[in-house]
Protein chains: 2
Amino acid sequence: MPAGVREELLSRVVDRIAEQGVGALSLRRLAADLGTSHRMLIYHFGSKEGLLVEVVREIERRQRAALASVDFDPATAPADAIRSMWRRLADPAVWPYERLFFELYGQAVQGYPGTTALLEGVVDSWLDLNVELAARRGVPAEVARTHARLGLAVIRGLLLDLLATGDRAGTDAALEAFAVGYEAGLPVPSAVGY
Amino acid sequence: MPAGVREELLSRVVDRIAEQGVGALSLRRLAADLGTSHRMLIYHFGSKEGLLVEVVREIERRQRAALASVDFDPATAPADAIRSMWRRLADPAVWPYERLFFELYGQAVQGYPGTTALLEGVVDSWLDLNVELAARRGVPAEVARTHARLGLAVIRGLLLDLLATGDRAGTDAALEAFAVGYEAGLPVPSAVGY
DNA sequence: CGGTACACGTACCAGTTGGTACAGGAGCGG
DNA sequence: CCGCTCCTGTACCAACTGGTACGTGTACCG
């Protein structure tokens with residue numbers, strides 16, 4: 001992996017932004033922290049917005065990479081898969097990235113330029129993956145999609161909680177309650193009028 | 001309600017910010033939109049940060065007001081309460097406020113000045129309320145707290161989904177799946193090792 | 001009437017912002 | 001040696017930022 005000047009710079013930019021946030025971002029301070037000049041950021045990314053776009057893409061790239069490393073053995077029970085996912089995301093070591101993710105999410109729903117690309121795959125790519133996996137178990141796509149949607153919401157909602165309160169034990173307990181309830185069997189939507 | 005000049009101004013500020021977001025906020029543009037001068041905003045709120053603080057407080061005030069108007073008759077089943085809450089929050093008419101809420105949330109977890117106050121009651125005040133309600137039904141506080149935490153996460157997570165995808169039907173279905181599963185009986189944490 | 005507290009606008013300030021013009025300098029193929 | 005491409009820094013710009021100084025109008029109270 002030769003990386004390339006630009007890619008290596010981008011990686012450092014993302015790491016730095018994960019620590020400091022993107023709201024009060026200034027090209028000059030960012031460049032100074034990175035030991036270069038703001039001119040370089042403009043040179044490599046064209047503009048501040050261009051840099052933001054690349055940051056968002058890099059975040060997505062890393063999320064996909066993390067996703068790919070999750071245990072998706074069809075033999076694994078869905079409840080265990082969600083437990084494993086939670087364990088990974090709730091780790092304090094990745095909190096800076098979670099924070100950045102939610103900050104960008106908040107900006108994206110407001111339609112700020114450069115960030116909106118984040119919204120495109122932010123839900124559906126996860127649902128699609130789950131539908132595909134469930135199909136191997138013979139679960140109908142509609143059901144799998146709804147359940148995945150719920151599971152994703154639980155994880156993201158609890159992450160929001162965790163980042164605000166820092167209450168790892170409380171959020172762990174809530175996730176476990178969900179997982180156990182899920183194991184007990186969630187109803188299929190078609191049985192309740194959907 | 002005589003309102004008062006400052007309160008009336010704050011109300012208009014919040015409405016305006018809900019439409020435009022708080023990220024690219026400038027006192028001058030905001031004032032111009034409101035038909036006044038940025039000097040007035042400083043005069044009434046002391047500084048930009050002071051104004052932000054008041055905006056956050058106003059958001060909390062409105063949330064508490066909305067919360068108070070929800071049907072909390074102890075006779076209402078928890079699953080119906082969460083359905084009612086979802087119906088209220090998923091209404092497109094309040095999307096601008098949801099967007100603002102999540103944008104501020106994202107800034108707050110990054111520790112930006114003026115916004116962090118949002119985090120204090122953002123989870124616990126809801127949990128406390130639920131614990132109190134559950135007590136009237138004889139539900140133990142620990143269980144009620146965990147279940148409330150999960151329900152809150154589901155709603156917030158699905159709201160994030162809804163704001164990103166606009167898929168009302170999909171998120172409705174996911175919430176319904178959760179509500180039905182909840183009616184079927186969630187396990188108590190003590191039974192699973194907590 | 002006078003005065004005093006509040007509400008408001010204009011003009012201005014210093015600092016910072018993103019972006020640009022320009023000048024190299026390092027490496028390399030010819 | 002030249003020339004060329006990639007990379008980097010300095011100096012600068014106009015625009016905009018939050019905040020301040022100062023003056024004005026207005027309403028209420030004595």
Side-chain angles (χ1 to χ4, degrees), chain A residues 1-17 19-58 100 103-104 107-108 110-117, chain B residues 1-17 19-58 100 103-104 107-108 110-117:
Chain A
M1 208 189 290
V5 183
R6 188 187 131 120
E7 280 64 31
E8 207 273 339
L9 182 58
L10 177 59
S11 176
R12 291 171 59 209
V13 164
V14 170
D15 289 341
R16 197 68 187 171
I17 287 184
E19 293 170 17
Q20 315 208 337
V22 81
L25 178 66
S26 124
L27 294 185
R28 295 174 133 88
R29 278 211 319 274
L30 177 63
D33 289 345
L34 264 49
T36 179
S37 66
H38 82 291
R39 172 69 183 81
M40 280 305 92
L41 297 173
I42 301 266
Y43 173 76
H44 285 293
F45 304 103
S47 66
K48 185 184 186 182
E49 181 180 333
L51 179 138
L52 246 187
V53 170
E54 290 307 313
V55 167
V56 167
R57 282 205 193 132
E58 175 71 12
L100 178 57
E103 189 191 1
L104 287 173
Q107 302 212 4
Q110 291 284 17
Y112 296 154
T115 62
T116 51
Chain B
M1 210 188 289
V5 182
R6 187 186 131 120
E7 281 64 31
E8 206 273 339
L9 181 59
L10 177 59
S11 176
R12 290 170 59 207
V13 164
V14 170
D15 290 342
R16 196 68 188 172
I17 287 184
E19 292 169 17
Q20 314 208 336
V22 81
L25 179 66
S26 124
L27 294 185
R28 296 174 131 88
R29 277 212 320 274
L30 178 61
D33 289 345
L34 263 50
T36 178
S37 68
H38 83 289
R39 172 68 182 79
M40 281 304 93
L41 297 173
I42 302 265
Y43 173 74
H44 285 292
F45 303 102
S47 66
K48 185 184 185 180
E49 182 179 332
L51 180 137
L52 245 187
V53 170
E54 290 306 311
V55 167
V56 167
R57 283 205 192 131
E58 174 71 12
L100 178 57
E103 188 191 1
L104 287 172
Q107 303 212 1
Q110 292 283 17
Y112 295 156
T115 61
T116 50

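Order of the sequence lines sets the chain letters (A, B, ...), proteins ahead of strands, with each chain counted from 1.
- A nucleotide of DNA chain C counts as in contact with chain B when one of its atoms lies under 4.0 Å from a heavy atom; the first and last such, 5' to 3', are C/dC6 to C/dC12.
- A heavy-atom distance below 4.5 Å is found between the side chains of B/Leu25 and B/Lys48.
- The residue B/Leu25 sits close only to the backbone: its heavy atoms come under 4.0 Å of sugar-phosphate atoms, none of a base.
- Rounded to whole Å, atom C1' of D/dT20 lies 9 Å from atom NE2 of B/His38.
- Computed from coordinates, the B/Met40 CE to D/dG25 P distance equals 15 Å when rounded to whole Å.
- In this structure, B/Gly46 and A/Arg39 both approach DNA chain D, and ranking their closest nucleotides by distance from the 5' end singles out A/Arg39.
- A/Arg57 places no side-chain N or O within donor-acceptor distance of the main-chain N or O of A/Ala117, the cut-off being under 3.5 Å.
- Whole-Å rounding puts the B/Leu51 CG to D/dG19 C1' distance at 14 Å.
- Using a 4.0 Å heavy-atom distance criterion, A/His44 is classed as a sugar-phosphate-only contact.
- Separation of atoms CD1 (B/Ile17) and CG (B/Leu10) is listed at 8.5 Å; rounding is to 0.5 Å.
- Looking only at side-chain heavy atoms (C-beta outward), B/Leu41 and B/Leu9 come within less than 4.5 Å of each other.
- If you measure from atom CZ of B/Arg28 to atom C1' of D/dT20, you get 11 Å, rounded to the nearest angstrom.
- Between the C1' atom of D/dG18 and the CG atom of B/Leu52 lies a distance of 13 Å, rounded to the nearest Å.
- Listed for the B/Arg16 side chain is no donor-acceptor partner under 3.5 Å among the backbone atoms of B/Asp33.
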For A/His44 and A/Val5, run side chain to side chain contact (heavy atoms under 4.5 Å, CB included): C-alpha distance rounded to whole Å, both residues' side-chain angles, the deciding distance at 0.1 Å, then the answer.
-> CA-CA 9 Å; A/His44 285 293; A/Val5 183; 4.1 Å; yes

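- For B/Lys48, the listed nucleotide lying nearest its side chain is D/dG19; candidates were D/dT20, D/dG19, D/dC7.
- When heavy atoms are screened at a 4.0 angstrom cut-off, A/Leu41 is found touching no nucleic acid atom at all.
- When the side-chain nitrogen and oxygen atoms of B/Arg29 are compared with OP1 and OP2 of D/dT17, one or more of them lie within a distance under 4.0 Å.
- Side chain of B/Gln110 to main chain of A/Val22: no donor-acceptor pair is present (N/O by atom type, distance under 3.5 Å, no hydrogens or angles).
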